[in-house]
Amino acid sequence: MNRIIIFSLMLFSAAVSAQILYKYPKDQDYYEGGREAFFKDLQQITVNNNYKPCDKQEALAMRFVVYPDNTVKYVADEDTKAVENNKCLKDKVLNAISQTKKWKSAEVDGKKVPAMFFASFSDDLLFNKPNERSDFTLPVYMYKDKESDIMKFRDNFIKCFDNSYRSDNNYSFTIYFDVDTHGEATFFHIDNISNLDKFNEMVIKCASNTKKSYWKPALYKGIPVKHYFKLPVTLKVN
């Protein structure tokens, strides 16, 4: 049986990311058989333990770190209201995961390294109940109090940049961030991070909410749930 350890990771900083991968490398899975096998094992554990459905509909997105020794750690969520509102589901998920045994640590250059994974949970998932595509809606980007889309977010993100930080060469990076249950952009991570701290701070500032631009959260059957975005960006020399 694996032991679930809880730790806090409020901001995925460069110092932390040097020790823990934000995500698994391409073509690597955190669980033997992949996500489908992971969910199937959780469903079997639900049956074996005679779990009961929560008294109300609950849905929660959670992060975990798998370490080289296959220790699994839950990443404590800064969205404490969402955790409190979905405590019944959270407790079941943590209990079920503590009974799983098929974890696979990430590898880089042949060496095992700790890495995070992100998954969304509900009683429908644990009890293997069918759901409709319409049960889930993605976050909606709001600009000047009107519904917009991810392309408008990208446009505003690029326009936000200070030209003084542009390089003499084309520069590509990818920014990852969550939209939490309050519609806040948070938990930023930059792939191919710059060696200029002020530039990295500007990237996060430009992806953050403002008075004119913000998000409506994702919903599962009307319940706000966290969702994460991946935004590839290339800054080209004029």
Side-chain angles (χ1 to χ4, degrees), residues 4 22-24 29-31 33-64 72 74-100 102 116-143 145-154 176-187 189 207 209 213-231:
I4 299 296
Y22 174 85
K23 60 182 178 61
Y24 268 65
D29 290 317
Y30 56 82
Y31 201 78
R35 181 180 292 255
E36 183 176 345
F38 171 56
F39 289 154
K40 185 175 180 180
D41 281 359
L42 291 185
Q43 290 161 358
Q44 187 59 54
I45 290 169
T46 297
V47 173
N48 294 346
N49 287 268
N50 195 28
Y51 291 156
K52 303 299 182 186
C54 297
D55 292 336
K56 58 182 176 63
Q57 184 73 246
E58 296 189 9
L60 187 65
M62 304 169 73
R63 275 192 175 86
F64 297 86
V72 183
Y74 165 57
V75 181
D77 200 323
E78 63 180 323
D79 191 352
T80 55
K81 192 68 175 178
V83 175
E84 291 171 4
N85 289 340
N86 298 279
K87 185 178 184 304
C88 168
L89 177 64
K90 174 197 167 189
D91 290 347
K92 276 190 295 192
V93 169
L94 292 181
N95 184 269
I97 286 180
S98 72
Q99 300 175 54
T100 54
K102 300 177 183 176
M116 287 197 300
F117 73 90
F118 177 99
S120 296
F121 302 92
S122 65
D123 267 348
D124 291 339
L125 171 66
L126 295 182
F127 291 93
N128 199 18
K129 295 179 180 179
N131 51 46
E132 303 294 332
R133 180 174 293 183
S134 59
D135 290 339
F136 180 79
T137 57
L138 290 169
V140 176
Y141 181 61
M142 302 292 295
Y143 182 63
D145 294 326
K146 294 182 179 180
E147 291 189 359
S148 192
D149 55 27
I150 191 65
M151 295 308 298
K152 183 63 178 178
F153 170 80
R154 177 188 284 274
Y176 297 83
F177 63 94
D178 293 346
V179 173
D180 70 13
T181 61
H182 306 286
E184 290 291 334
T186 184
F187 205 84
H189 171 66
N209 289 9
S213 59
Y214 53 94
W215 295 88
K216 287 183 178 179
L219 299 173
Y220 179 76
K221 292 188 174 180
I223 301 168
V225 290
K226 179 184 298 181
H227 186 79
Y228 85 93
F229 281 99
K230 169 185 176 181
L231 183 68

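Only heavy atoms go into these numbers, but all of them, side chains included; no hydrogens, no water, no symmetry mates.
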Verify the neighbour count for atom CD of Glu132: are there more than 12 heavy atoms of other residues, nucleotides or ligands below 6.0 Å?
-> no
Spacing of Leu94 atom CG and Tyr74 atom OH [to the nearest 0.5 Å] = 6.5 Å
Do Lys81 and His182 come close enough that some side-chain heavy atom pair is under 4.5 Å?
-> yes
For Asp79 and Thr181, does a side-chain donor sit closer than 3.5 Å to a side-chain acceptor?
-> yes
Using the side-chain contact (heavy atoms from CB on, under 4.5 Å) rule, take Asp180 and Trp215 through it: C-alpha gap first, then chi angles, then the decisive distance, then the call.
-> CA-CA 9 Å; Asp180 70 13; Trp215 295 88; over 6 Å; no
Could you walk me through whether Phe38 and Lys102 pass the side-chain contact (heavy atoms from CB on, under 4.5 Å) test, one step at a time?
-> CA-CA 8 Å; Phe38 171 56; Lys102 300 177 183 176; over 6 Å; no
CD (Gln43) and CD1 (Ile45) are apart, to the nearest 0.5 Å, by 10.5 Å
Heavy-atom distance under 4.5 Å between the side chains of Ser120 and Leu60, does that happen here?
-> no
Nearest heavy-atom contact between Tyr24 and Met116 is CD1-O, 3.4 Å
Is the centre of the Phe177 ring less than 6.0 Å from the centre of the Phe229 ring?
-> yes
CG (Asp55) with more than 12 external heavy atoms under 6.0 Å = no
Do NZ/NE/NH1/NH2 and the carboxylate oxygens of Glu147 and Lys216 come within less than 4.0 Å?
-> yes
What is the ring orientation for Tyr176 with Tyr22, classed by angle as parallel under 30°, tilted 30 to 60°, or perpendicular over 60°?
-> tilted
Using the six-membered ring wherever Trp is involved, compare the ring planes of Tyr141 and Tyr143 and label them parallel, tilted or perpendicular (cut-offs 30° and 60°).
-> parallel
Between Ala185 and Ala207, what is the shortest heavy-atom contact and its length?
-> CB-O, 3.6 Å
Measure the CG-CG distance between Leu219 and Asp135 for me, rounded to the nearest 0.5 Å.
-> 11.0 Å
Looking at Lys52, Lys92, Lys129, which one forms a side-chain hydrogen bond (donor to acceptor under 3.5 Å, both in side chains) with Asp123?
-> Lys92
Where do Glu184 and Tyr214 land on the side-chain contact (heavy atoms from CB on, under 4.5 Å) test, with the steps shown first?
-> CA-CA 7 Å; Glu184 290 291 334; Tyr214 53 94; over 6 Å; no
Heavy-atom closest contact (Phe127 atom, Pro53 atom, distance) | CZ-N, 3.5 Å
Salt bridge or not for Asp77 and Lys226, using N-O below 4.0 Å?
-> yes
Would you check if the side chain of Asn86 reaches a backbone N or O of Ala59 as a donor-acceptor pair within less than 3.5 Å?
-> yes
Does any donor atom in the side chain of Asn49 or Gln99 lie under 3.5 Å from an acceptor atom in the other side chain?
-> yes
Derivation and outcome, side-chain contact (heavy atoms from CB on, under 4.5 Å), residues Asp178 and Arg63 = CA-CA 11 Å; Asp178 293 346; Arg63 275 192 175 86; 2.7 Å; yes
Of all heavy-atom pairs between His227 and Phe118, which one has the smallest distance, and what is that distance?
-> CA-CZ, 4.4 Å
Is the number of heavy atoms from other residues, nucleotides or ligands under 6.0 Å of Lys40 NZ greater than 12?
-> no
